[in-house]
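Heads up, the thing below is written out as structure tokens.
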2 protein chains.
Amino acid sequence: MSEKGILFVLTGPSGVGKGTVLKEVRAHKPLFYSISATTRAPRAGEQDGVHYHFMARETFRQLAEQGGFLEHAEFSGNCYGTPAAPVDEELQAGRDVLLEIEVQGAMQVKDIRPEAVRIFLAPPSFEELERRLIGRGTEEPEVIQRRLDTAKHELTLAPEFDYIVINNTVEQAVSDVLAIMQAEACRSSRVTLK
Amino acid sequence: MSEKGILFVLTGPSGVGKGTVLKEVRAHKPLFYSISATTRAPRAGEQDGVHYHFMARETFRQLAEQGGFLEHAEFSGNCYGTPAAPVDEELQAGRDVLLEIEVQGAMQVKDIRPEAVRIFLAPPSFEELERRLIGRGTEEPEVIQRRLDTAKHELTLAPEFDYIVINNTVEQAVSDVLAIMQAEACRSSRVTLK
């Protein structure tokens, strides 16, 4: 019904299950893959244009200045960003886009694309997020503690997003995300009557 | 997730299929039945409190003055209205309500309950609505013409509603209404994080 595709952003704290939910949403609905740009060096086996768009710091900086990213940030001395052009092409072709973006980046998208529909994936409780992060068993206690501190702050930002989906079970969260995507296509501002 | 139920209003021009869609939505989701109040005399077989709340004109008038109706209107010299109290009880109990209301009444609900989520059911095209109304074969041509004139006006009001669902097929329309109900429960303003 919408002539142009709708831009959806899925965000939430580290460990909440964004990747799993997005993977399952894709199993129900074919969706465009966004490939991030980064200034870090490729690791063994990583291909340019497949895993990342690898670019020089100066190229990244220029692209950022031209508004070429929907969001970008620096982590551990490397820049990462979501290139806007491929997303806009997809939307122009009438196809919806669902991007998985960290909370700070998702906040930036609101400024650059105020029409984006932003979904915050939240844990059933903070204690449950703690259990999930510890349960991974892959991180040092200090790393886990830092992530939990960040998550605590990020959870206070949830009300600024359009939707909050509680990840009680992956099945329910996926169903909620799909319902949001279907409902948003019916928003009266997006439907033209014949 | 919502503590209080959500009030949904389904509206659309005569002949668009509101009743059929609502019946199918109910088959997927148990929902409260709203019983309209009316000042007209009961017909054979009609029971008070089952088909309608039959009431004297003075009682109706007083209730309307006290804000006891979510919407009310006069047709052919009789008053009809949607009593607010049973709807509010249902919402307080944490259950969603989906009301089927004529377009003019649905416009009134917005003033009285601005938080209501209003869905406009539209035909795939005006010509299709024409075919459906004529196809019923139960009305005089003048009656059909009057309904089409009203429908033409009502369709111009569609953008004032929150959602527009095109009734291409009953199955698709029902799926859209259910998605809207599920998505609205995830609106960040309705979700409290633990």
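No experiment lies behind these values; they were computed from the predicted model shown. Hydrogens, waters and symmetry mates are skipped; everything else that's a heavy atom, side chains included, is used. Letters go in sequence order (proteins before strands), and every chain restarts at 1.
The candidate with the highest count of non-hydrogen atom pairs below 4.5 Å against chain B, out of A:L155, A:L193, A:D162, A:I119, is A:D162. Between chain B and the options A:P124, A:S125, A:A122, A:A183, heavy-atom pairs under 4.5 Å are most frequent for A:A183.
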*Give the C-alpha distance, both sets of side-chain angles, the deciding distance and a yes or no for side-chain contact (heavy atoms from CB on, under 4.5 Å) between B:L99 and B:F8.*
CA-CA 6 Å; B:L99 298 174; B:F8 293 93; over 6 Å; no

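A cation-pi arrangement is present between A:R40 and A:Y52, with the terminal nitrogen or guanidinium carbon under 6.0 Å from the aromatic centre and inside a 45° cone about the axis. For A:R187 and B:Y163, the positive end sits near the middle of the six-membered ring, less than 6.0 Å away and at most 45° from its axis.
Of the N and O atoms on the side chains of A:Q145 and A:D149, at least one donor lies less than 3.5 Å from an acceptor on the other residue.
Within the 4.5 angstrom heavy-atom criterion, no atom of A:S189 approaches chain B.
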